[in-house]
Amino acid sequence: MESNPFTTADDRPRLLEKGKPIKKRQRLTLEAYWTIYKKAGELGYEALQIAIGISMLTTMRRADICELNFDKHLQGDHLRKTINKSEAQRDSLAASHLNF
């Protein structure tokens, strides 16, 4: 290792942390969102429109929406889903559980 991250000496090289990377992808505007929604309907992609609607109402991520199984996640009148990213970062009990 050429540098020592624990050194306080000015004559030795130090390991400097890089800043947080800038996001490369911009958020989708509401106008672009509805354009995609309408175009999906014109092309016959009703399932995509349903997924877009669920995303808009629940703020679920794409991976969580694609994994939805109504036999498993629909309980009575409620949609119940544990967020995958939250579960991966924490244990199952501390993860975010959605209930709509």
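Computed from a prediction, not measured in an experiment: that's the story for all the values here.
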Inset, instruction - Would you check if the side chain of Ser55 reaches a backbone N or O of Ala51 as a donor-acceptor pair within less than 3.5 Å? - result: no

Legend entry - Residue pair Leu48 / Ala40: nearest heavy atoms and the distance that separates them: CD2-CB, 3.7 Å

Inset, instruction - Verify, without hydrogens or angle tests, whether Tyr33 (side chain) and Ile52 (backbone) share a donor-acceptor contact under 3.5 angstrom. - result: yes

Legend entry - Met56 side chain reached by Leu30 side chain, heavy atoms, under 4.5 Å: yes

Legend entry - Rounded distance [0.5 Å steps], CD1 in Ile50 versus CD1 in Ile65: 11.5 Å

Legend entry - Cluster link Tyr37 to Leu57, ILVMFWY, side chain under 4.5 Å: no

Inset, instruction - Following the transitive rule for hydrophobic clusters with a side-chain heavy-atom cut-off under 4.5 Å over Ile, Leu, Val, Met, Phe, Trp and Tyr, establish whether Tyr45 and Ile36 coincide in one cluster. - result: yes

Inset, instruction - Report the distance from atom NZ of Lys39 to atom CD of Gln49, rounding to the nearest 0.5 Å. - result: 12.0 Å

